[in-house]
Every structure is written in structure tokens, then in C-alpha cells.
Engineer: 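There's a structure below that I have some questions on.
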Amino acid sequence: MMTKLLEVDKLTKQFGGSSAKALQDVSFSLGEGRCTALLGPNGAGKTTTIRMLTGLLAPTSGSIRFQDVQQGADHRALIGYLPQTPAFHGWMSGLEFAQYAAELCGMGRREAAQRSAELLERVGIGAAGKRRIAGYSGGMKQRLGLAQALIHRPKLLILDEPVSALDPIGRRDVMELLGELKQETSILFSTHVLHDAEELCDDVLIMESGRIVLQGPLSRIRAENREPVLLLEIENEAGSDSREALSRWLKAIVEPTADQSSIIRYELDPLNSCAAKLIVRDINEARRLVLEQLLEWNLPVTKLEIGYSTLEDLFMKVVIHK
Ligand SMILES: Nc1ncnc2c1ncn2[C@@H]1O[C@H](COP(=O)(O)OP(=O)(O)OP(=O)(O)O)[C@@H](O)[C@H]1O
Ligand SMILES: [Mg+2]
């Protein structure tokens, strides 16, 4: 049985001057020691939710309750927060900033200095600790923000898109760091990178237009929504009309028989004009049909792969296709 760290009940937010609700009846709980990914397209309400959890924004209605903290009491000491776009005093050095954050949390000078140095090292900017923040790259600032969020050993680490500003190497590093951190503390992080969420989280919350559209343990969500898929690629020769041929073929085999067909739907790969994903009902039946029809249409196949739908596919399904 999962111990709840925090429970959110019917959280609603209406910004002054706006008629629409940015958040409506959002309810979920975060488990102690769990890592939760908060997903949703731009404007879904992720940052608004996060800012209310951190106490920076007051809800219009609804409640947020921390385990062992009386309702209405201050729970900010339990939270470490990395905002979506963290702001720093550029004239400070990284080390000074971390120390300043530590002292604001009530740490003594010596402990603050020690903890700051240790954390800067841990997030990979130890060597730049004495340099002014104004000269840091985006990725270095992100790491400094992470050090700041961790300074008081929070019970819950809340990160708003922690990797979106990073290059692929920085992203890898921060993901690895989060993988270590999740052994020590509970984490809630928002992201657009579904692959990262899949790799790291235990639980997912998917939001859309201010509401939660799907939530639960990743393993359960995966098992319940896993659909077999066929990945198909055809030859891409300059001057050929492969994409068009592929499109016509897909329409011909999927659409007329949508109800009975073993192929449920298809998506053309937006990045590769000669690739498509077919979401199928029965893999064997679909494979037979596809192979048969590919031959009949004489399409120059280069790849046919069998797999399962990913979190990204599910995201597209609940958020876009609905
Ligand atoms: N201060 C504000 N005043 C008015 N409306 C706001 C304010 N902050 C957010 N909103 C609105 O609330 C909705 C949710 O915004 P929010 O920033 O929470 O989305 P998000 O999921 O974090 O998006 P993104 O992925 O782009 O960061 C949007 O429609 C946004 O315009
Ligand atoms: Mg946001």
C-alpha cells in the first residue's frame, strides 16, 4: 500500500480577468518515495499546478494537504522547487547563490558553505562555483537551480521542465542525477519529453486544458493501454512519390474496413516521410494483411518491425485524438 505524501483535492484556478479556468477540479495524490511525471501540452496547466503546490499561487478553490502537516499550515520547508525559468542574481557566484539559499532556509554559515560546495559538485558545476552566474550557460544555470532546490534536503522535489533547456549531454546528466535522487526523495517533475518520463517515473499525471485526463502508476497505465504496432518504412528515392504511394496504400487498407480491420489506425511519421506506424488489433492477422497488401501494391519496403505503443502514443491518443 502506497503511503501518501500529499493529496490534492479539486484544485481549481481562475486567473483574475480571465473567464476561462486555467485549472479545473484537479485531484491526485503523490506517493512517498515515488517519482511522478506531470505531462501535458503547452498551456495544459502544469506550471499552474506546480506553483500552487509550492505555495506561490493561491488556488481559487480546492485543497492541498501534506501528510503530517495540518491543513493551512506552512509546508514550504518540505519542498524543493526548480522553476521552469529560474532567475538568479547574475553578480553572485554559483557558490554564493547556493549559500544564500541555504542561509535563507535557516542553515548556519559553516553548514551552508559545506552543503553548497557539496551540491555544486554533485550537479556538475563544482569547478565553476566561484564564477559569476551572469557568465553561466543555460545548462549551468539549470544545474545551479537544481542545487538550490536540493539545499535543505526536501521531502518533495518539484521540478518544472528540468531538462528542456539542456543539450542532449546535459539532459543525460540531469536525468542520471534525477535517477539517483529518486532513491532519496519524492519527485514531481513536468516534462514534454515523454521518453524521459517513461525512463524515470513510477507514476504519471497527464493534463489537458486544465484537467487531469489520465493518472496512475506507469506500469499499470502501460499494461492497460499497450497496443501492438507495426512500424513500416519504404524506400525513399529522390524524385519518387513514395510518400504519396504510402499514404494512398494506408488509406486503402485501413479506412474502408476500419470497423472490422485488424488495423485500428495509422499515423504517418512527421519526421520521416516514408515511415508510418500502424496500430493494430491482432499482430498476426495484421502482419499477414500488411505483407500481402505490400506485395500487391508493389511498395518498396525497407523495414517492417513489430513493437508496442509507447507512452508517447498514449499521450497522443488521450490528448490529441481523445
Ligand atoms: N498569471 C497568469 N494570468 C493569466 N493566465 C495565466 C497565468 N498563468 C497561466 N495562465 C493560463 O493558465 C493556463 C495554464 O498555463 P500553465 O503555464 O500552467 O501551462 P503549462 O502546462 O505549464 O504550459 P507549458 O507547457 O507551456 O509550460 C494557460 O491557459 C495560461 O494562459
Ligand atoms: Mg509550464
Side-chain angles (χ1 to χ4, degrees), residues 6-30 35-64 76 79-88 138-139 141-146 148-149 154 156-168 170-171 174-175 178 187-201 203-216 218 221 270 310-322:
L6 173 154
E7 192 155 13
V8 170
D9 190 39
K10 294 209 176 87
L11 211 55
T12 296
K13 180 71 191 178
Q14 185 159 16
F15 286 101
S18 157
S19 56
K21 290 185 173 121
L23 224 63
Q24 194 159 9
D25 291 330
V26 166
S27 301
F28 61 88
S29 52
L30 298 182
C35 177
T36 307
L38 179 58
L39 310 171
N42 291 131
K46 302 179 297 295
T47 299
T48 304
T49 304
I50 284 177
R51 295 186 68 218
M52 289 198 278
L53 292 180
T54 59
L56 287 169
L57 193 66
T60 304
S61 61
S63 67
I64 299 167
R76 285 176 302 177
I79 295 178
Y81 170 49
L82 174 65
Q84 188 163 1
T85 43
F88 303 98
K141 286 184 187 157
Q142 198 74 7
R143 287 158 198 254
L144 179 60
L146 195 54
Q148 166 275 128
L156 173 62
L157 187 58
I158 300 184
L159 312 165
D160 199 352
E161 293 189 31
V163 296
S164 60
L166 303 178
D167 66 27
R171 203 177 106 194
V174 170
M175 286 295 293
L178 293 182
I187 300 179
L188 172 70
F189 74 109
S190 72
T191 183
H192 287 289
V193 188
L194 296 165
H195 176 74
D196 287 352
E198 225 168 352
E199 210 167 288
L200 201 64
C201 72
D203 300 315
V204 284
L205 290 169
I206 304 185
M207 296 189 74
E208 209 259 328
S209 307
R211 294 171 183 274
I212 302 257
V213 289
L214 192 67
Q215 64 173 307
L218 179 64
I221 284 181
T310 59
L311 187 59
E312 181 154 350
D313 299 318
L314 178 60
F315 180 85
M316 294 297 176
K317 192 167 133 193
V318 296
V319 169
I320 298 175
H321 303 296
K322 276 186 282 208

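Excluded from the calculations below are hydrogen atoms, water molecules and symmetry mates; all remaining heavy atoms, backbone and side chain alike, are included. Read the numbers this way: they start at 1 and go in the same order the structure lists the ligands and their atoms.
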Engineer: Can a side-chain donor-acceptor contact be found between His195 and Glu312 if the only test is distance below 3.5 angstrom?
Structural biologist: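 There is no such pair (donor and acceptor under 3.5 Å, judged by atom type) between the side chains of Glu312 and His195.
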Engineer: Which residue supplies the protein heavy atom nearest to atom 24 (P) of ligand 1, what is that atom called, and how far is it?
Structural biologist: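 Nearest neighbour among protein heavy atoms for atom 24 (P) of ligand 1, to 0.1 Å: Asn42 ND2, 3.6 Å.
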Engineer: Please tell me if the side chains of Glu208 and Val318 come closer than 4.5 Å, counting only heavy atoms from C-beta onward.
Structural biologist: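 Glu208 does not reach Val318 side chain to side chain.
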Engineer: What is the nearest protein non-hydrogen atom to atom 17 (O) of ligand 1, stated with its residue, atom name and distance?
Structural biologist: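 For this ligand atom, the closest protein heavy atom is Thr47 CB, 3.7 Å.
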Engineer: If I take every N, O or S atom of Thr47, is at least one of them less than 2.8 Å from the Mg ion (ligand 2)?
Structural biologist: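 Of the N, O and S atoms in Thr47, at least one lies under 2.8 Å from the Mg ion (ligand 2), which means yes.
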Engineer: So which heavy atom in the protein is nearest atom 25 (O) of ligand 1, and how far is it from that ligand atom?
Structural biologist: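 Checked against all protein heavy atoms, atom 25 (O) of ligand 1 sits closest to Lys46 NZ, 2.7 Å.
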Engineer: Pull out every atom of ligand 1 sitting under 4.0 Å from any heavy atom of Ala22, numbered as shown with elements.
Structural biologist: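 Going through ligand 1 atom by atom, the ones under 4.0 Å from Ala22 are 12 (O), 13 (C).
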Engineer: For ligand 1, which atoms have a heavy atom of Glu161 less than 4.0 angstrom away?
Structural biologist: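 In order of number, 25 (O), 27 (O).
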Engineer: Looking only at protein heavy atoms, which one is nearest to atom 18 (O) of ligand 1, and how far off is it?
Structural biologist: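 Protein heavy atom at minimum distance: Thr48 OG1, 2.5 Å.
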Engineer: Identify the protein heavy atom lying closest to atom 29 (O) of ligand 1, giving its residue, its atom name and the separation to 0.1 Å.
Structural biologist: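 Result: Gly43 O, 4.0 Å.
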Engineer: Strictly distance-based, threshold 3.5 Å: is any side-chain N or O of Lys46 a donor or acceptor partner for the main-chain N or O of Met207?
Structural biologist: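 Not a single qualifying donor-acceptor pair exists.
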Engineer: Quick one: does Lys141's side chain have a donor or acceptor within less than 3.5 Å of a partner on Ala87's backbone?
Structural biologist: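 No, because the side chain of Lys141 does not come within donor-acceptor range (under 3.5 Å) of the backbone of Ala87.
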Engineer: Using 2.8 Å as a strict upper limit, say whether an N, O or S atom of Asn42 approaches the Mg ion (ligand 2) that closely.
Structural biologist: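 Given the 2.8 Å cut-off, Asn42 does not count as a ligand of the Mg ion (ligand 2).
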Engineer: Check whether any N or O atom of Gly40, backbone or side chain, sits under 3.5 Å from an N or O atom of ligand 1, and answer yes or no.
Structural biologist: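 No, since none of the N or O atoms of Gly40 sits under 3.5 Å from an N or O of ligand 1.
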Engineer: Counting both backbone and side chain atoms, is some N or O of Thr49 under 3.5 Å from an N or O of ligand 1?
Structural biologist: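 Min N/O separation from ligand 1 is not below 3.5 Å for Thr49.
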Engineer: Any side-chain heavy atom of His192 sitting closer than 4.5 Å to one from Asn42?
Structural biologist: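 Contact flag for His192/Asn42 side chains = yes.
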Engineer: For His192, counting its heavy atoms only, list the atoms of ligand 1 lying under 4.0 Å from any of them.
Structural biologist: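 It comes down to these atoms of ligand 1: 25 (O).
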Engineer: What protein heavy atom sits nearest atom 10 (N) of ligand 1, and how far away is it?
Structural biologist: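 Minimum-distance protein heavy atom for atom 10 (N) of ligand 1 reads Phe15 CE1, 3.3 Å.
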Engineer: For atom 27 (O) of ligand 1, find the nearest protein heavy atom and state the residue, atom name and distance (0.1 Å precision).
Structural biologist: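 For atom 27 (O) of ligand 1, the nearest protein heavy atom comes out as Gln84 NE2, 3.0 Å.
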